[in-house]
Amino acid sequence: MATSYNTIVKDGLWENNGVLAMLLGLCPTMAMTTSATNGLGMGLATAVVMAASGLLVSIFRSYITQEIRIPVYILIVAAMVTLVDLSMNAWMHELYKVLGLFIPLIVSNCLPLARLEAFASKEPPAQSLMDGIFMGIGFTLALTAIGAVREITGSGTLFADASLLLGPAFKFMEMRVLPADTGILMMILPPGGFLVAGLMVVGKRMLDVRAGKAIQMGGAHSAA
Amino acid sequence: MKLFPVRGGIHPDYRKEQTSEKAIVAMPLPAALYIPLQQHIGAPAEALVQAGDVVKKGQKIGRNQGAVSATQHAPTSGRIASVTEVPAPHPSGLPTLTIVIEPDGKDEWAELPAPIADPFAADMQTINARVAESGIVGMGGAAFPSAIKLNLGTQKKLHTLLLNGAECEPFLTCDDRVMREHADEVIDGARIMAHALGVPNIVIGIEDNKPQAADIMRKAASAFANIQIAVVPVQYPMGSEKHLVQAITGKETPARMLTADLGIVVHNVATARAVHHAVRFGRPLIARVVTVSGGALREPRNVEVAIGTKISDLVEFCGGFAQRPERVVNGGPMMGQPLPSLDAPVVKGTSGILALTAEEISDRPTSACIRCGTCVTICPCGLSPVEMSSFIRKDNLEVAAKLGVMDCISCGSCSWVCPSHIPLVHYFNYAKGMLNAQTRDQRKNERIKTLVEARTIRIEKAAEAKKAALAAKKPAAAAAPAAPATTTEEKANA
Amino acid sequence: MIPVTTSGPFTHKANSVQNVMATVLLALLPATALNMYLFGWPAIFLFAVTIGSCVAVEAGCLMLYGRPVKETLSDNTAVLTGWLMAASLPPWAPWWLGLLGAVFAIAMAKHAFGGVGQNVFNPAMVGRTVLLVSFPVVMTAWVAPHPLFSANAPGFADAIAITFGGHLPDTMSAASALGYVKTELSRGIPVTQSMTQVPDLMDMALGYRAGSLGETSALLILAGGLFLMYKRIISWHIPVSVIGSLFLMGTIFHAADPARYTSGMFHVMSGATFLGAFFIATDYVTSPVSKMGQLVFGAGVGLLAWTIRTYAGYPEGMAFAVLLMNSLTPIIDQYTRPRIFGRSRKGEPLPLAKEKA
Amino acid sequence: MSQKNMLTHGVILGIFCLGFGLVLAVTNSVTVDDIAARALEDRQNSLSQVIPNEIHDNNVVKDTLTMKNNLGKEITVYRATKDGKVTGVAYEIYGTGYAGEIKLMLGVAADGKVTGVRVLAHKETPGLGDKIEVKKTDWITRFDTLSLGNPPIEKWKVKKDGGQFDQFAGATITPRGVVKAIREGLEFFEAHKAEMLAAATPTANPDADKSHTKEEH
C-alpha cells in the first residue's frame, strides 16, 4: 500500500511540512535559524539523516517488532547522526564549525522519529527514501525561510557565509540587504526565532484557509 | 449586636428616597383581577372554580397540589369571568393558567377560618396548617411556600428565626414601609413563626440605611426579651439569606445545604405580617405591599395592592409613565426580572414594579474583558466570574461547573461592576440552566436504564418461570397462561 | 413594547473601559509633563510619535481583522500603551524607535494574541524590551535634563534634528544612576564610592536626573499611583508588594555587603520602580485577578527586578521582571482563586459544625 | 510477554546495536585522522591570527609551556620559534566585562610588542559589548604593535578614564575590561620574559603528543 510520490512530495513540502504544519523539530528551528545559511545547512544535514534512516527502517521494517521499535528508531537515527557528524567534521570542516554544535541535536529532533513511526515503518523503501528526502527538503525550506527573515531583519544580510557551506562558487549569494548596524538585534536572538516561526505558521494557515483547505493541526507537539 | 464581615459586595445607587418616605396607600380594586394558579416555586395549584362561579373575598379558588405548592384565594368578591391563559410576570412572557375575577365592588368576606385564639398555646401543626391553608409564600421574591419552611423544625435542630428586613435591592422600600407602619404585626407574626418552628430566638436583620424602621422595630420588640434587632451594614447583597446569616452569626452555610442546617430559618418581614393575618384573623394572603418606582414613573409610591391586579392598572394608579421607560422590571433592579408586558398581574412574590430610565440602567454596549478582576473582588460567593464567563463563552460548561458556577446566587454584583458591561449573570444563568438540564437528562436516562434493566430481569424471570412450568407441566398446556401475564406486566411499566 | 432581553441586573455602575484608561492617563500626566519640560522638544516629539504610531498600528490591526475601528480605538488602551512605552524610552531617541516599538507592542504583543484583554504580556513592556534588546546603544543614550527654554536646551529646529535626523549630540550623553553604579562596580569601584557620584535621593525623587522620558520623577509617579488608588482603579496589593520586595531584597543585601549591593532605598527611588509598580505591573490584562494572586505577582516582580538589576547584563530590570511574571499570571490565577462561599479551599462543601444546642 | 518473545526482541535489538556499532566503528576509524588534523588546524588558525606566520617556522601548537598566571590559573603558552629562537608567544588572558569574564588570546613578540589579540569567548551584550569581536569591528586590531611603553603605561586606559583607547558608543565597561586585560597580559610577559623566551626544547604537551598528527608545517 504505497503512497504515491505526488502525495509524498506535496506532504513533505507543504501539506504536512515538519515545521509549519506539524510543529516538529522546533529546537533546531529556533537554535539554527539565525541566518539563512545556517538554516539551510541544518536542514540539509537533517534531510540526509532522515533519508538514510527512513530507508534503513523501511528495509528492516519486517524485523522491527512493535515492542522494540522505538529503541531501534533511536538507534538508527543516532547512528546516522553520528555518521554525518563524523564525516562532516572530517571532510566539510568549515561547515562543521558552523553547525557542529547542532548536528548531535538532530537526534533529539522529533521530526525524523515521527516520520519513521508514521511512514517508513509502513511503506516500502523507495517511498520511505522519498519521504525522508522531501520531508527533509520541506524542513530545509522552512528553516531557510525563517533564517532568511531573521537574518535580513536582524543583521541586514542574506545568505552570509553561504560560500562556507556551499563552496566558493556560491559567493554571489551573499548579500547585504540593509546597511550595516541597522538590524533589529532581537530577531537573531531566540525570541526572534519564536516570532518568525509563529508568523510563518500563521502565514501558512492563512494561505491554506484562503485555498479552502481544512487546517491541519499538528498532532504531536514537539518537545525538541 | 456583634456582626461579622461578609466577603465582597457592592454599593449601588440605592435611589430608595423616591418612595421611602411615602406611606403605604391602598389601591382601589381594578376592573378585573388575574390570579395565576402558579405564583410560587413548585407545582401549580388546581383550580376549584370555573367561569360563572360567584366567589367571596378570601374564598379558596385554587388548591395546592403535591408537596411543594400553595393555595390561591379570591382577593375580593365577584364573579369568575374565566379560567384562561394569561401572560405570566416572567421574562418568557409565556401564558399560564389564570383565574380571572370580575369584582362586584362589595368586597364581601367569605367565611374565614376561625382565628387561633392563642397561637402560643397551639401546636406547630395547627399553625403550619393555617399558614399553608392561607396560601402564604415567601414575599421577598422567591415565593417559596412558607409552610414548608415552617415545618423544618420537625426535621432539623433549629435555634433561631432570622427575619430578613435587609431589603438590599435598590429602589425597593416595601419592607421598610411595612416595618415602619406595621411593626407590631410583623413582630407578632415573627413570634408565631418562632413558636411554630420551636425556636427560642428571633433576630431581625435590617440594613443600616433604614434607621427609622430599625428604631420602630426595636421599640415594638422591646417587650420581648428573645427578639434582637441586628442593624447590618449597607452592602449588597446583604439580603441573600446565607450572607445575612453570615453577617449576623459569622457562620457560613456549607455549599448545597440550607441555613436551617446551621439551625437558622430565614423569613421575610412581609411574610411574618401575612402569618400574623392568617393566624390572628384567618385572613389568607390576598394582597401585598408593592414598591412602584423608577424614574420613568410619574408618582412613585408604595401600594398595598390586591394579588392579581394588572401591572398596567398599578402603573395607572401611580400616575402612569412620565417618560417611556427603558425597561420595566418585576422586583429589584439587581435580581428582578424584565417584564415582557404590562398585562401580567401582580403576584405574591412581586416586591416591586420599576419603570427604569436609561440613565438609571446606565448600560453600555459590551466591550472586551480587560481582566480588571473587580468581579473577583466583589463576588460575595468567592467565585471568579471572569474565568467562568470565558469558559461559558466557549461553551465549556464542565470547567465552568468546576469553577463553581452552580454556587452563583445570580446576585448581579459582577455585572453591575463590570467596566466592559459584560452580561456575566446572563452567562451564568445560561450555564446553570444547561447544567441543570444535563443533570435532569442524566437522571432520566439512569431511571430509564434501571427500568429497562428491571424489565429485562422480569422477562427473564418470566421466561424461566415458563420454562419451569413447561418442564413441570405438559408443553402444550403451559404456554397459554404464561404469555398474557407477561404482556400485561409490560404494558403497566411502559 | 418594552424590550426584553437578558437577565439582570438592570442598573450598572457608571464606569467603562474608556473611563478607566482615561483616568490612568490622567494619573500619568504630571510626571510626563515634568519630563517634557526637563527634556524639552525632542522628548515632546518622541512622545507624540510613539503614541501616534500605537494608535495607527492599532487601527491598522483592527481593520485587518475586520473589527470596529472607532469603537475599539476610543477605549484608550492603545494610547495608554503608547504612553507607557514612550515613558520608558530615552528622551532624545530617534522617531523610528517609537514607530518600531509600536509595531512590536500593538501588532505583535496585543493583536497577535487577539486584541484587548487577550494579550499575555504587557504590550508596552514588550515594545520597550524588544527595543532595548535590539538597539542597546540607542536605548541607553540617556541625557541629562535640559529644561525647556533654558540656555543649553535644544531649540525647536535642533529638536527636529535630534528626533527625526538622528543627530544626538555626543557630549550630552549621561548615565542613569543604576547604569552608572553598575558600570563603576565592574571597574572594581565599590558601591559605597560610586554612590557619591549619583544624584542624591532627593533629586531622584523630584526627577531632576537622567532617565527615561516619563519616569524620572519618582514623586510625581507616586502621586499618580496614589491618585489611581484613591480612584480605586488599582488596589494597593501590586504596588506595595513590588516595592516592598524590591526594598527588602535591597536592604538585606546592602546590609550584608554595602560595597557590592546598593541600598533598598536606592533601588526604590531609581529607574522605573514607581512607574513599574504603579502603572505597569498593575496592568489589568496581564496581572492576576485575585488579590492574593496580585500579592504573589508583585512580590515576584520585585524579586526579579532586584535580581536582574544586581546580577544580569542590564542595569534596569523592571520591564523584564514584569514580562517574566506576566507569563506566570495564568498559573498564579489558577492557584490563588478565592475560596468559594460555603466551600473549603479544595472546593468541598464545608463540614457542618457541631451545634452546642 | 512470554520469555521467548522477550528473548527474540532482545536478540533483534542486539543485532541492530551490533550492526550499527560496527558501521560507526568503521566510520570512526576512517575519519579519525582527518578530524584530528582539522582540530589541529583550527588551533593553528586561531593562533595564526595573533602570531603572524612570518615570524615562526615551527608548529606553534606543539611548542608549549605551562605557566601559572597572576591569578594562579594554569595557562598554556604557545611559542613561536624561528631558527630555534623564540620569536613570540601567545597565551590566554582574562578580562572582566559587563556580564562576566572575557577570554582573549594575546600574542606578544619577543620584543614585547603585541602581535595580535583576539576574543575567544565573552558574554557581553549583543550589539553593545560584542564589538570587541573582530567579526563585528576592527577595534581589537588597534592593539597590534603596541607595547607597554607605547603608549605610556598611564595611557593604557579607555578615553573616558583618561587613556588613549576609544570606548564604543554605549559601552565603556567592555573595552575597559579588554584594555586592562591586555595591559596586565603585557605586564605578565615582562615579568616572565626570561622563562618564556628560554630556548629550551619544548616541554611535552600531552595533547600534542597523543594525537599523532600528519604535520603540514
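Of the listed residues (C:Gly342, C:Ser344, C:Gly347), the greatest number of heavy-atom pairs within a distance under 4.5 Å of chain B belongs to C:Gly342. Taking chain C as the reference chain and counting heavy-atom pairs below 4.5 Å, the highest number among B:Arg7, B:Gln246, B:His11, B:Glu252 is found for B:Glu252. Top candidate by heavy-atom pairs under 4.5 Å with chain C, chosen from B:Ile361, B:Val376, B:Leu356, is B:Ile361. Most heavy-atom pairs under 4.5 Å with chain B: of the set C:Val20, C:Val116, C:Thr72, this distinction falls to C:Val116. When each of B:Cys379, B:Ser362, B:Ser410, B:Ser367 is checked for heavy-atom pairs under 4.5 Å with chain C, B:Ser362 comes out on top. With chain C as the partner, the residue from B:Gly412, B:Gly331, B:Cys372, B:Gly373 showing the most heavy-atom pairs under 4.5 Å is B:Cys372. Of the listed residues (C:His12, C:Lys291, C:Lys13, C:Gln18), the one with the most heavy-atom contacts under 4.5 Å to chain B is C:His12. Between chain C and the options B:Gly8, B:Cys414, B:Gly382, heavy-atom pairs under 4.5 Å are most frequent for B:Gly382. The most heavy-atom pairs under 4.5 Å with chain C, out of B:Arg15, B:His421, B:Glu360, B:Lys242, come from B:His421.
Inter-residue side-chain proximity for B:Asn436 and B:Met406 is flagged as met; some heavy-atom pair is nearer than 4.5 Å. Here the side chains of C:Pro338 and B:Ser384 are in contact, with some heavy-atom distance below 4.5 Å.
Considering every non-hydrogen atom in both B:Val405 and B:Ala431, the closest pair reads CG2-CB, 4.2 Å.
With a 4.5 Å cut-off on non-hydrogen atoms, B:Pro380 touches chain C through its backbone but not through its side chain. The parts of B:Ile370 that come within reach of chain C are both its backbone and its side chain, each placing non-hydrogen atoms under 4.5 angstrom from that chain. In this structure, chain C has no heavy atom under 4.5 Å from any part of B:Met335. Interface residue B:Ser420: backbone and side-chain heavy atoms are both found under 4.5 Å from chain C. Contacts of C:Ser287 with chain B are made by backbone atoms alone, with heavy-atom separations under 4.5 Å and no side-chain atom involved. Using a 4.5 Å cut-off between heavy atoms, B:Lys402 does not touch chain C at all. Both the backbone and the side chain of B:Asp363 come within less than 4.5 Å of a heavy atom of chain C. Interface residue B:Val417: backbone and side-chain heavy atoms are both found under 4.5 Å from chain C. Neither the backbone nor the side chain of C:Gln118 comes within less than 4.5 Å of any heavy atom of chain B. Residue B:Cys375 does not touch chain C at all, counting heavy-atom pairs closer than 4.5 Å. With a threshold of 4.5 angstrom between heavy atoms, B:Cys369 approaches chain C through N, CA, C or O but not through any side-chain atom. Within the 4.5 angstrom heavy-atom criterion, no atom of C:Met292 approaches chain B. When heavy atoms are compared at a cutoff of 4.5 Å, B:Ile10 does not approach chain C at all.
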Step-by-step salt bridge (charged side-chain N to carboxylate O under 4.0 Å, His left out) determination, B:Arg371 to C:Asp333
CA-CA 11 Å; B:Arg371 287 177 37 89; C:Asp333 262 342; 3.0 Å; yes
Go through it in stages, so that I can follow the logic: the residues are C:Phe278 and C:Ile243, the test is side-chain contact (heavy atoms from CB on, under 4.5 Å), and I'd like the CA-CA distance, side-chain angles, deciding distance and then a yes or no.
CA-CA 9 Å; C:Phe278 283 100; C:Ile243 295 172; 3.9 Å; yes
Using the salt bridge (charged side-chain N to carboxylate O under 4.0 Å, His left out) rule, take B:Lys16 and B:Glu169 through it: C-alpha gap first, then chi angles, then the decisive distance, then the call.
CA-CA 9 Å; B:Lys16 291 194 190 245; B:Glu169 280 267 11; over 6 Å; no
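Ring to ring, C:His237 and C:Phe297 are not that close: their centroids are 6.0 angstrom or more apart.
A 6.0 Å sphere centred on CZ of B:Arg393 holds more than 12 heavy atoms belonging to other residues, nucleotides or ligands. By the 6.0 Å contact criterion, OH on C:Tyr65 is enclosed, its count of non-hydrogen atoms from other residues, nucleotides or ligands being greater than 12. Atom CE of B:Met434 sits in a sparse spot, with 12 or fewer heavy atoms from other residues, nucleotides or ligands closer than 6.0 Å.
A salt bridge does not link B:Asp261 with B:Lys157: none of the charged nitrogens is closer than 4.0 Å to a carboxylate oxygen. Note on B:Glu316 versus B:Lys310: no salt bridge recorded, every NZ/NE/NH1/NH2 to OD/OE distance being 4.0 Å or above.
Checked by atom type, the side-chain pair B:Ser293/B:Gln18 shows a donor-acceptor distance below 3.5 Å. Using modelled atom types, one finds a donor on one side chain and an acceptor on the other under 3.5 Å when comparing C:Thr336 with C:Ser290. With 3.5 Å as the limit, one finds no donor-acceptor pair spanning the side chains of B:Thr259 and B:Lys251.
Here the straight-line distance linking atom SG of B:Cys411 with atom CZ of B:Phe428 works out to 10.0 Å at 0.5 Å rounding.
Taking the centre and axis of the six-membered ring of B:Phe391, the NZ or CZ atom of B:Lys394 falls inside the cone set by 45° and 6.0 Å.
Contacts of residues 323-330 of chain C with chain B at a heavy-atom distance below 4.5 Å involve C:Thr329, listed in sequence order.
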